[in-house]
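A quick write-up on the structure given underneath.
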There are 2 protein chains.
Amino acid sequence: MDIRAEKDKFYAKLGEKGLKATTQRADILDVFLRSKQHFNIEGLLAMVRRKNPRIGYATVYRTLKLLTECGIACERDFGDGQTRYEHMTGDAHHDHLICLECGGIVEFENERIEALQDEVASRHGFEVMHHKLELYGICRQCASKRDKKR
Amino acid sequence: MDIRAEKDKFYAKLGEKGLKATTQRADILDVFLRSKQHFNIEGLLAMVRRKNPRIGYATVYRTLKLLTECGIACERDFGDGQTRYEHMTGDAHHDHLICLECGGIVEFENERIEALQDEVASRHGFEVMHHKLELYGICRQCASKRDKKR
DNA sequence: TTGTGTGCAAACGATTTGCAGTACC
DNA sequence: GGTACTGCAAATCGTTTGCACACAA
């Protein structure tokens, strides 16, 4: 991923909206872009505070909402009561495999599934705007750990 | 759906757990079984209170959790901040089409999608326990209403 | 100086829990 | 008479908001 390009994109969008580029926004964006995907606010705040300890919850929430509006971040809800965020790369839509044991998240994309979804939807007279597909299960590592215990 | 059978199932499970069959639990179960699917707690409470006005929020929450444990109800989260519940019939798993305009929910099942999901998962070394597939879009009625407005 | 942005703390909405009173065996 | 159940209100958790202060054009 091109960090420089994402930053430029953000600053351009800020300009369009008549908003300012502050150090807090820059810090949060930088941490966001460098971190691995799918963290929650708490995790992100912890990382941001390593760089700038005086940043508050509210700023992180507000900035992530901004990043989402600007098409740089994307909100995800995996049903554990917390919103998670991931990078919104220009790539094709992807879905998630989630390990119930370790919480690990793997991304995948499959156009045959997408095609079948559209088919099902149109059969019901729906025009699909977006969708959510999550597969919850046990990943290879956790499965083999479990086997060893026996 | 066989209401009688579901009630018997609930009372049997209550017995197994050493819990009592109270009038509140019976009222909530009855309203739950007779109502159409996918309501939230608020809606269910309103319906229950028509039958028994003295029932409180907490009892509805507690009873629905019980029904879920007993395999009679199933929790659903469509991302609007409220948990919804639906009947857990013995039928095959199904997924949802959700209209972004009117909030209408249509169920569907498609074994070819399920098969592809398993294929994707095993390619990533996952054993799938359960999954969630939701298609968000505009239903036929809302689309035609929208066309008329133009 | 005239804002917008920030940090704090208080507000919020959905859900859970503590507890005193209630009802059933 | 004891124990599980209920209803209320208070607590909780993630998130949002109001407001006074800080800071940059």
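Per chain, numbering begins at 1; letters A, B, ... match sequence-line order.
For the OP1/OP2 pair of C:dG7 and a distance below 4.0 Å, the side-chain nitrogens and oxygens of A:T59 include at least one atom meeting the criterion.
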Quick tally for nucleotides 13-20 of chain C: nucleotides whose base has a protein heavy atom under 4.0 Å get B, sugar-phosphate-only ones S, the rest -, giving -SBBBB--
Can A:F108 and A:H94 be said to form a ring pair (Phe, Tyr, Trp, His ring centres under 6.0 Å), step by step? CA-CA 6 Å; A:F108 69 90; A:H94 63 260; 8.7 Å; no
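Residues in residues 9-19 of chain A take part in these side chain to side chain donor-acceptor pair (under 3.5 Å) pairs, two or more places apart or across chains: A:K17-A:E69.
The number of heavy atoms from other shown groups lying within 6.0 Å of CD (A:E127) does not exceed 12.
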Counting Watson-Crick and G-U wobble pairs with both distances under 3.5 Å, what is the dot-bracket string for DNA chain C, 5' to 3', using [ ] for crossing pairs and | for pairs to another strand? |||||||||||||||||||||||||
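Every residue meeting the side-chain contact (heavy atoms from CB on, under 4.5 Å) condition with B:D118, not counting sequence neighbours, appears here in chain and number order: B:V128. A search for side-chain hydrogen bond (donor to acceptor under 3.5 Å, both in side chains) contacts involving A:R54 returns nothing, not counting sequence neighbours.
Counting to the nearest Å, the P atom of D:dG7 and the CD1 atom of B:I55 are 6 Å from each other. Distance, A:R76 CZ to D:dG14 C1': 20 Å, rounded to whole Å. Note: CG (A:D77) to P (D:dG14) measures 13 Å, nearest angstrom. Atom CG of A:L64 is separated from atom C1' of D:dG14 by 14 Å (rounded to the nearest Å).
Among the candidates A:F10, A:F39, A:Y85, the single residue satisfying the ring pair (Phe, Tyr, Trp, His ring centres under 6.0 Å) test with A:F32 is A:F39.
Near DNA chain C, meaning a heavy atom under 4.0 Å away, there are no residues from residues 8-31 of chain B.
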